[in-house]
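Notes for the one structure printed next.
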Amino acid sequence: MTKKKLPINGKTVGKVAKIFDMIPDTTRVIGEAVHAVVPLVDKVLEQNYQKKNRLVQLPNVVDMDIVEAQTHLEEQGFVVSKILAKPHQRYAKKQANEVVAMLPKSGNMEPGTLIKLYYVSQDVIEASDQTIVLPNLIGLPIEEAQEHLQELGLKPIVIALHAQARYANQQTNTVLDMQPKPNVLVSSVLKGSFVKLHYLTEAGLGESKTMAQKAATKRSTIPRLVKEIPKFLPIKKKK
C-alpha cells in the first residue's frame, strides 16, 4: 500500500515555523543558566577562601597557668571562659591555677571562637587528694573485692542478699551488686567512704533455686487448668 503524502503548502510551513519559534534555543538557555550560576560559584569559592585565611591555629594551653593561658588565647582573637574543675584523683598532683583541660582542643579555629579552660584551685587539689576512683567490682569474688577496696582506702561492707528466684543461676560468694555503683554520674568517692558489697550465700542460692522451680511449675500449671475449664461447664442439650 502506498503511503499518503501530506500536502505541503504555505499554511503548513507557517504553522511549523511558529512551533519552532516557540521552542527555546537550548544552547542559548544553557548558556544563560551557566552565566547565572558562575557568579554564585565564584562567590562561594571566595567565601571559603576568606574563611580559610581567617582560621587561626588554637594552641594547646593545658598545663599552663590559667592567667597566662587566657592572655595568650585572647591575643590570638579567641574568647575565653574559665571554669573551675571538679575534684578528681588525677588532679591531686597538679599546681594551683593550672589548666587541666580545654574545650575545644587545639586545631584551626575562627577568631571569636569560645574556648573553655578548666583549671584547679588549691581547694580542688586538696579535695582531689581525698577522692578515689570507684572501681566496678561486680563479678569478683567477695574476698578479692574487699581486699581491693581496702587497698584503695575505702571501707567495704559485706551484705548477704535475700533469696529470690532471679538469683537461681548466680554464683555464690561473688559480688552481684554494689552501692554506690560506678556510672556516668558517680565515678569517684571520698577516701574512707563505705562501699556495700552484695553477694549470695550457699543457703541463699538453694532457696533461690527452690523459688525458681515453684515459679516454673506455677507457669506450666496454668495452661493445663485453662484446658480443663470446659469439662466443668454445663453441656447444653440439643433440642
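Sequence positions, counted from 1, serve as the residue numbers for this chain.
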Look at atom [atom1] of [X] and say whether more than 12 heavy atoms of other residues, nucleotides or ligands are closer to it than 6.0 Å.
{"X": "N108", "atom1": "CG", "result": "yes"}
{"X": "Q179", "atom1": "CD", "result": "yes"}
{"X": "E143", "atom1": "CD", "result": "no"}
{"X": "E126", "atom1": "CD", "result": "yes"}

Measure the shortest side-chain to side-chain distance between [X] and [Y] over non-hydrogen atoms and say whether it is less than 4.5 angstrom.
{"X": "L149", "Y": "L197", "value": "yes"}
{"X": "L58", "Y": "Q76", "value": "no"}
{"X": "R90", "Y": "V133", "value": "no"}
{"X": "I132", "Y": "S193", "value": "no"}
{"X": "L134", "Y": "P180", "value": "yes"}
{"X": "L140", "Y": "H148", "value": "no"}
{"X": "T113", "Y": "V79", "value": "no"}
{"X": "L73", "Y": "P59", "value": "yes"}

Could you tell me the separation between the [atom1] atom of [X] and the [atom2] atom of [Y], rounded to the nearest 0.5 Å?
{"X": "K181", "Y": "K196", "atom1": "NZ", "atom2": "NZ", "result": "13.5 Å"}
{"X": "Q122", "Y": "I125", "atom1": "CD", "atom2": "CD1", "result": "5.0 Å"}
{"X": "N97", "Y": "E68", "atom1": "CG", "atom2": "CD", "result": "10.5 Å"}
{"X": "L84", "Y": "L117", "atom1": "CG", "atom2": "CG", "result": "12.5 Å"}
{"X": "I83", "Y": "K116", "atom1": "CD1", "atom2": "NZ", "result": "5.5 Å"}
{"X": "F78", "Y": "H72", "atom1": "CZ", "atom2": "NE2", "result": "9.0 Å"}

Heavy-atom closest contact ([X] atom, [Y] atom, distance):
{"X": "A212", "Y": "A168", "answer": "CB-CB, 3.7 Å"}
{"X": "P156", "Y": "Q150", "answer": "CD-CG, 3.8 Å"}
{"X": "N60", "Y": "S106", "answer": "N-CB, 3.9 Å"}
{"X": "V62", "Y": "M102", "answer": "CG2-CG, 3.9 Å"}
{"X": "G204", "Y": "A163", "answer": "O-CB, 3.6 Å"}
{"X": "P104", "Y": "L114", "answer": "CD-O, 3.6 Å"}

Testing K82, E98, M64, Q95 for side chain to side chain contact (heavy atoms under 4.5 Å, CB included) with Y119, which one passes?
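So, applying the side chain to side chain contact (heavy atoms under 4.5 Å, CB included) to Y119 and each of K82, E98, M64, Q95, only K82 qualifies.
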| request: Would you kindly say whether E74 and Q70 are connected by a side-chain donor-acceptor distance under 3.5 Å? | output: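 Yes, because at least one side-chain N or O of E74 sits under 3.5 Å from a partner of the opposite role on Q70.
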- request: Determine yes or no for a side-chain-to-main-chain donor-acceptor pair under 3.5 angstrom, with T131 supplying the side chain and V189 the backbone.
  value: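 A pair under 3.5 Å: no.
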Checklist line | Main-chain N/O of T172 paired with T174 side-chain donor or acceptor, under 3.5 Å | finding: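 At least one qualifying donor-acceptor pair exists.
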### Message
Quick one, I138 with M178, criterion side chain to side chain contact (heavy atoms under 4.5 Å, CB included). Give me CA distance, side-chain angles, the key distance, then yes/no.
### Response
CA-CA 7 Å; I138 294 177; M178 59 183 291; 4.2 Å; yes
Test of understanding: clusters of I, L, V, M, F, W, Y form through side-chain heavy atoms closer than 4.5 Å, transitively. Do [X] and [Y] belong to the same one?
{"X": "L154", "Y": "V158", "result": "yes"}
{"X": "V120", "Y": "V67", "result": "yes"}
{"X": "I159", "Y": "V195", "result": "no"}
{"X": "Y199", "Y": "Y167", "result": "no"}
{"X": "L137", "Y": "V186", "result": "yes"}

message = Could you check whether D63 pairs with K94 (Lys NZ or Arg NE/NH1/NH2 to Asp/Glu carboxylate O, under 4.0 Å)?
response =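 Yes, this pair counts.
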Worksheet entry | Derivation and outcome, side chain to side chain contact (heavy atoms under 4.5 Å, CB included), residues V124 and K86 | CA-CA 7 Å; V124 171; K86 294 182 180 180; over 6 Å; no
